[in-house]
Amino acid sequence: MSSPGRSRALVLGGGGIAGIAWEIGLLSGLAASGVHVRDADLVVGTSAGSIVGTLLRTGADLEELYAAQLGPVPPTERAVPFDGAAFFASFAAALAGATGQQEARARIGALALRGRTMPESERLGVIGARIGTPEWPGRRLVVTVVDTADGEFLAVDRDTGFPLLEAVAASCAVPGVYPPITIGGRRFMDGGMRSVTNADLAAGCDTVLVVAPMAGTAGSPLGPSLDDEMATLRGAGEAHLVLADETAVRAFGTNPLDPATREPCARAGRAQGERVAEEVRAAWG
């Protein structure tokens with residue numbers, strides 16, 4: 001169990017609109033059970049996790065967020081076509097022959113730049129409808145992005161100089177589905193193109209809670225696996241992992257980018273949060 005004075009980190013992984021709903025449900029279920037993790041010294045958010053991490057850090061009420069996931073889908077949350085088989089086939093073709101992780105990410109970046117997507121301005125409006133246009137919070141928040149030009153991975157925080165809205169939109173820019181986001185003349189895509197959680201960014205904290213809608217792919221050429229990241233964290237401190245359970249995975253369906261997944265995924269997350277509250281309490285302290 002964590003003791004007073006020990007540093008704690010919350011890592012929130014990617015998983016599309018379904019992942020946002022599940023994470024909100026899970027965190028609200030934990031809070032309703034008396035387990036409050038928003039007071040972490042560090043929050044790391046990737047893709048969906050960047051949305052939820054920003055909402056946590058900027059003071060949004062979890063019960064209100066949960067209730068919103070159960071309500072009508074806002075008009076800004078329109079469905080986008082997503083063919084999972086074609087999506088991963090295009091990735092496999094782009095990655096063939098890549099000799100390193102950064103080169104592999106650059107190849108996905110080139111794929112992202114060729115994608116026929118909505119305009120950046122429209123996408124920024126979608127993300128703004130989710131998080132507003134907040135300033136970086138005082139307590140540390142890290143949002144992950146990848147440069148489409150060269151595959152460089154960036155852990156962005158308030159000292160990086162990126163506007164928070166644009167950083168979050170970039171972290172959520174699924175290649176080929178949503179447009180890369182322009183910041184300072186560079187175009188950035190989803191931080192999940194390195195890792196679905198980027199949990200190793202929390203190394204150095206005494207206690208880490210990793211909340212991940214999806215585990216990612218073992219042996220990915222793009223970056224470390226979740227297993228490797230958890231081993232890194234556990235080698236330096238305590239780390240606890242909460243993955244979406246079977247009910248949530250069924251609720252994700254075949255298109256986690258479909259707003260219709262919001263309500264069932266939020267409910268699944270809420271139930272799971274209440275069920276795992278005691279084990280998380282023991283890990284979090």
Side-chain angles (χ1 to χ4, degrees), residues 11-21 23-24 43-58 60 65 68-69 73-82 87 105 108-137 141-198 201 213 256-259 262:
V11 175
L12 299 165
I17 290 174
I20 294 171
E23 289 180 3
I24 287 172
V43 173
V44 177
T46 291
S47 202
S50 72
I51 296 282
V52 179
T54 297
L55 291 170
L56 283 181
R57 280 308 208 210
T58 54
L65 292 174
Q69 294 296 313
V73 175
T76 52
E77 296 289 355
R78 62 182 179 86
V80 295
F82 180 75
F87 178 80
R105 295 193 295 267
I108 299 301
L111 192 69
L113 293 171
R114 295 195 300 269
R116 294 183 177 181
T117 66
M118 67 180 71
E120 278 188 63
S121 58
E122 182 179 342
R123 182 61 176 161
L124 286 169
V126 172
I127 302 301
R130 295 177 186 169
I131 66 170
T133 54
E135 298 297 319
W136 283 92
L141 170 68
V142 169
V143 170
T144 64
V145 301
V146 171
D147 191 322
T148 56
D150 61 6
E152 181 186 5
F153 172 75
L154 282 77
V156 179
D157 64 14
R158 63 177 175 266
D159 296 326
T160 308
F162 290 8
L164 181 53
L165 173 61
E166 281 79 357
V168 172
S171 191
C172 296
V174 180
V177 179
Y178 302 122
I181 300 299
T182 305
I183 308 173
R186 301 166 73 183
R187 301 196 72 195
F188 295 96
M189 64 180 176
D190 199 317
M193 294 305 103
R194 175 184 181 260
S195 157
V196 74
T197 59
N198 295 297
L201 294 178
L257 306 180
D258 186 346
R262 286 164 39 112

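Please read all numbers here as calculations on a predicted model, not as lab measurements. Index from 1, following the sequence.
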Inset, instruction - Output all residues satisfying side-chain contact (heavy atoms from CB on, under 4.5 Å) with Ala110, sequence neighbours left out; order by chain, then residue number. - result: Arg114
Legend entry - Partners passing side chain to side chain donor-acceptor pair (under 3.5 Å) against Thr76 (at least two apart in sequence or in another chain): none
Legend entry - Heavy-atom closest pair, residues Val11 and Thr197: CG1-O, 3.5 Å
Inset, instruction - Name all pairs fulfilling the salt bridge (Lys or Arg N to Asp or Glu O under 4.0 Å) condition that reach into residues 174-198, sequence neighbours left out, sorted by first residue then second. - result: Glu120-Arg187, Asp147-Arg186, Glu152-Arg186, Arg194-Asp200
Legend entry - Set of residues satisfying ring-ring contact (aromatic ring centres under 6.0 Å, His included) with respect to Phe153, sequence neighbours excluded: none
Inset, instruction - Mind checking side-chain contact (heavy atoms from CB on, under 4.5 Å) for Ala68 and listing every partner two or more places apart, or none if nothing turns up? - result: none
Inset, instruction - Enumerate the residue pairs fulfilling salt bridge (Lys or Arg N to Asp or Glu O under 4.0 Å) with a member in residues 153-165, sequence neighbours excluded, ordered by first and then second residue. - result: Arg140-Asp157
Legend entry - Closest approach of Ala48 to Gly19 (non-hydrogen atoms, all atoms of both residues): CB-C, 4.2 Å
Legend entry - Residues that Pro256 engages under side-chain contact (heavy atoms from CB on, under 4.5 Å), provided they are two or more places apart: Ala18, Phe82, Met214
Inset, instruction - Using side chain to side chain donor-acceptor pair (under 3.5 Å) as the criterion, list what pairs up with Thr144, not counting sequence neighbours. - result: Thr46, Asn198
Inset, instruction - Quick one: list whatever passes side chain to side chain donor-acceptor pair (under 3.5 Å) with Asp258, sequence neighbours left out. - result: none
Legend entry - Any residue meeting salt bridge (Lys or Arg N to Asp or Glu O under 4.0 Å) with Glu77, in chain and number order, not counting sequence neighbours: Arg130
Inset, instruction - Please name all residues satisfying side chain to side chain donor-acceptor pair (under 3.5 Å) with Arg78, sequence neighbours left out, ordered by chain then number. - result: Glu122
Legend entry - Pair listing, salt bridge (Lys or Arg N to Asp or Glu O under 4.0 Å) test, anchored in residues 44-58, at least two apart: none
